[in-house]
Amino acid sequence: MNPLQVVQLLLFPGLTFFVWLAFVFEWLERKTSARMQGRLGPVVTGPFGILQPVADFFKLASKEEIIPAQSDKFVLRWGPALYFAAPAIGIAFLPILGFQSILFDPLDLLFMLFILAFSTLMAAMLGYASAGRYSTIAVGRLVVQYTSYEVPLILSMVTPAVLARSLSIQGIAAAQGSMWYIVIVPVAFAVFIIASLAELEKPPFDIPSAKTEIVGGWMTEFSGNTLAYVKLTKSLSYVFLSALAVSLFLGGPGGPVISADQNLQALFYTVYFMVKLFAVGFLIFVIRTALARVRIDQATRLFWTFITPLSLAQLAVAIFVGFR
Amino acid sequence: MSEDLQHGQRKELSAGLIQYSVESAMPFGPIHPSLKEPEYFKLILEGERIVQVIPRIGYVHRGIERAAQERTWVKNIYLFERICGICSFAHSLGYTHAVEALTPFEVPKRAKYIRVIVAELERIHSHLLWLGLLGHWAGFDTLFMWIWKDREHILDLEEAITGNRVHKSYSTFGGVRMDLPDGIAAKLKTEMKYIEKRVDYYENLVGAEETLTVRTKGVGRISQETARRLSPVGPLLRCTGIARDVRVEDPYAAYDEIAPRVQTSNDGDIASLLTLRLNEIRESCWMVSEAAERLPTGPYKVSIPRAVPRGESMFHVEAPRGELFYFVKSGGGSAPERVKIRTSTMANLLTATEMLKGCTLADVPVVLTGMDPCFGCMDRISVLDVGQSKEWSVRGEELRTYGIEYYRKRLS
Amino acid sequence: MKEVSRRRVGKALGEMFRTALEKPVTEEYPFGDKVVTERFRGRLDIDPVKCTGCSICEIVCPAEVITMVPVGKKLIGTREVEIKRPSFELFTCISCGQCVDDCKFGALTLTHTFELAVFKKESTLMKKGLNIGK
Amino acid sequence: MSSEDLAKLAASLGGSLATRPKSVELTITPDKVLDACKSIASIPGLYHLTTITGLDLGEEIGLLYQFWQGRGFVVVRTAVPKANPKIQSISGTLASATLYEAEIQDLLGVSFDGNPYLGKKLLLPDNYPAEAPPPLRKEADPEKIRKMMELE
């Protein structure tokens with residue numbers, strides 16, 4: 001790993017950039033969902049309240065941390081770091097500056113699947129470790145919901161891989177030069193969005209953290225630092241999943257090539273990427289504001305009886321189209 | 001109540017209350033984000049399905065009936081309207097009517113019309129509040145925000161007429177304390193048209209939005225037979241198809257001239273409660289504009305001497321949640337000898353526990369809100385447990401501090 | 001999102017965008033001005049000149065906020081009569097306006113101020129009525 | 001329920017009937033209350049037990065079973081001696097009476113045999129002193145009870 005890569009990994013298209021994006025996304029979500037509900041949304045901190053998520057993070061981080069007595073101390077101390085690491089590593093595999101992502105591996109799409117599974121596993125572990133009555137029920141729901149949306153999520157991620165005949169995100173993004181995959185396999189895109197809504201526990205699938213029934217869901221017992229990092233990770237995985245959707249279905253940083261010189265074009269690629277990223281992000285929280293929360297049994301029935309066969313059919317169509 | 005239950009033992013009790021103990025009895029309350037007021041339900045679960053619900057109430061108990069015996073008749077108006085934050089005018093209406101029934105005086109016609117206007121405004125604002133809360137508990141916060149945005153119109157109207165958004169302190173013995181501000185009739189009509197337009201929009205939104213109907217259709221169903229047995233009141237009774245409304249059966253104030261058409265729906269679940277309350281809002285909008293139209297001229301108040309003649313009187317009014325009953329016994333003195341208040345939530349509680357049976361845990365808040373509980377209403381008799389009980393309630397917050405201040409000053 | 005799964009999901013979309021364009025309802029108090037209707041019942045106020053110390057308000061007040069305080073002596077004919085004036089513990093006042101209605105001399109009014117937070121509890125004790133114009 | 005049936009019922013149970021502007025009152029002895037309520041409840045028109053009111057009448061605790069009959073109130077009035085305030089619970093036939101009786105049990109100390117809440121508390125806090133008189137009775141002095149419960 002030469003020093004440039006390390007700088008890229010930690011600074012620009014890497015960690016700091018995405019953490020900043022996570023805060024911006026959280027702010028955007030709160031502001032527009034407020035506006036759509038006739039409210040004002042955060043106003044005080046910074047211009048138009050843009051620093052509100054940052055303020056929340058530092059306020060929470062400075063708060064005293066209460067560790068429940070019978071909880072598993074070890075997991076509660078190290079768990080959030082691992083939970084944060086999952087999306088943090090994932091973003092390194094996404095091509096932003098050009099069609100060359102920071103870390104590359106011919107099979108990194110499979111690694112993405114592992115990351116999605118790993119972050120849900122960590123959430124479940126944290127929930128169990130905090131040993132609260134409400135969090136144990138919430139973890140039960142989390143796992144049930146995970147088993148229902150995992151299959152369609154994988155199928156919808158594999159469809160573009162079949163079309164591009166490559167298992168690396170970079171390869172898939174590059175293969176979309178002529179036609180974005182959202183046009184060829186729109187259903188896969190829709191299924192990916194619905195499944196990522198369930199992964200991010202956003203309405204209508206925010207059942208594990210349903211504040212009205214089981215207080216804070218699996219996050220009930222967290223406080224102080226743990227809660228700050230868990231909340232940050234949730235916004236970070238929100239950005240990560242939107243970025244994944246952009247790379248797999250909207251051609252990653254692809255767009256008209258304007259200037260010959262290398263760095264300027266890299267800048268344009270980033271701009272294309274950002275525009276698409278915000279479009280997908282906006283789409284997700286429009287849905288989040290428009291829908292009510294469904295019950296856990298209804299969610300599983302919806303996924304198994306409707307969405308999984310749909311994504312299977314889409315995969316079949318993709319295979320047929322791909323090999324013609 | 002279930003402490004001494006053995007595991008798996010099932011005992012048939014009267015009134016369909018079956019004592020049943022299973023390994024996981026889940027406490028729901030007394031302080032829980034979904035409950036705006038501390039009530040405590042011990043849910044006996046099998047997995048996520050509820051088998052038995054045991055209510056334990058009394059957490060916002062302020063001993064109002066005992067306190068009423070130590071206050072003069074006029075001071076009690078302000079005490080009783082603070083029983084409930086949402087149906088506060090219904091309480092002061094019930095109490096003033098009960099006392100007026102003991103005196104030979106006749107309330108002027110204009111005052112009766114004004115009372116109908118303010119009572120129906122309060123019904124609209126209570127139903128809108130309930131509708132928004134139901135959206136919130138079903139996870140649909142957008143609906144909650146919109147509906148409470150529209151509810152502001154009604155609260156502004158109430159503030160313009162009575163001076164206060166919630167505790168109106170407007171009805172007194174012999175009529176109302178202030179006349180309607182001039183030019184209010186036109187404003188009332190335009191606002192009512194706006195509310196009717198909004199209610200039409202919400203009706204097709206709530207009826208069609210799949211993620212919401214799925215949470216309310218067939219959830220918490222009560223049959224007409226259970227309703228007859230447990231005799232709930234108000235919308236909870238009317239949603240099973242039994243058309244009973246105090247405003248029609250025993251018209252008070254000006255309800256004999258502006259009679260509401262009693263709304264019913266017939267499958268007794270939360271969805272039918274939704275449409276029922278929406279229609280009731282439309283009905284109240286019609287009644288307010290009708291009353292504003294036919295408002296007679298004349299005095300708005302007749303003065304009644306302080307001491308109330310000896311005697312007993314019973315009066316019931318149709319509060320937003322159902323029949324609210326006042327019994328007043330006067331010994332001829334400056335304070336009542338006994339005041340008995342039976343609020344609508346007290347009558348609906350048994351039916352609510354019946355509705356909860358068979359639902360899953362996720363339905364509890366939706367079903368509980370379906371009953372539109374107002375526990376501040378129900379808990380108003382007991383000893384001074386103000387200091388000891390850990391009340392936490394947003395709506396009752398002001399009542400709580402008032403209660404504590406009163407007792408600390410009164411007894412220190 | 002394509003209407004993929006359910007036929008009537010997302011009914012609220014149209015209204016959402018319409019509300020997004022309208023001005024939000026939140027009143028920007030304390031930055032903007034707070035609109036209060038003419039009949040709003042805020043803090044109690046007394047006009048010491050009009051008050052005659054008849055103590056009707058003390059009898060009528062539901063929250064027992066008012067206590068009559070002797071402020072001096074007055075000579076009526078030969079008898080010396082003690083003059084009393086009301087002092088208000090506004091901390092427990094519920095702004096119901098019963099005293100305003102029953103005060104025959106119009107000495108009491110309910111103002112529109114609603115910012116009642118104070119640093120010291122004693123400062124809610126209103127003694128304005130005590131300094132009778134000598 | 002027409003007034004003749006009520007008069008017949010009053011006669012059969014050895015009680016007296018008094019008609020008031022908006023209500024008909026049937027005064028009977030405590031042991032006949034269950035039969036009276038049963039016959040009122042069995043009327044085809046929709047009976048509705050509005051509530052049960054408890055009154056502290058000095059030596060006795062008055063109980064008013066107030067029914068709403070769609071046109072007027074029908075009240076069954078009875079009184080139990082304070083010495084041993086016991087009466088048969090009507091929650092067997094009228095399920096809605098369960099909570100009303102439980103409330104009077106807590107606050108006036110009348111015990112309704114057969115009520116699911118007998119011996120259990122509905123409204124009173126757990127640490128309400130057993131020796132203190134029920135709160136709504138005249139002899140219950142809030143001051144004393146407060147000290148007994150060591151509040152603040």
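Nothing here was measured: the structure is a model prediction, and the numbers come from that model. Here is the naming used below: chain letters follow the sequence lines, and residue numbers restart at 1 for every chain.
Here the straight-line distance linking atom CD of Glu191(B) with atom CG of Leu121(B) works out to 10.0 Å at 0.5 Å rounding.
Here Arg282(B) pairs with Glu203(B) in a salt bridge; the nearest charged N to carboxylate O distance falls below 4.0 Å.
For residues 53-61 of chain A, heavy-atom neighbours of chain B at less than 4.5 Å comprise no residues at all.
Between Phe303(A) and Phe306(A), a ring centre-to-centre spacing not shorter than 6.0 Å is recorded. Here Phe144(B) and Trp148(B) bring their ring centres to under 6.0 angstrom of each other.
Around atom NZ of Lys202(A), more than 12 heavy atoms belonging to other residues, nucleotides or ligands sit under 6.0 Å away. The environment of Tyr229(A) atom OH is sparse: at most 12 non-hydrogen atoms of other residues, nucleotides or ligands sit within 6.0 angstrom.
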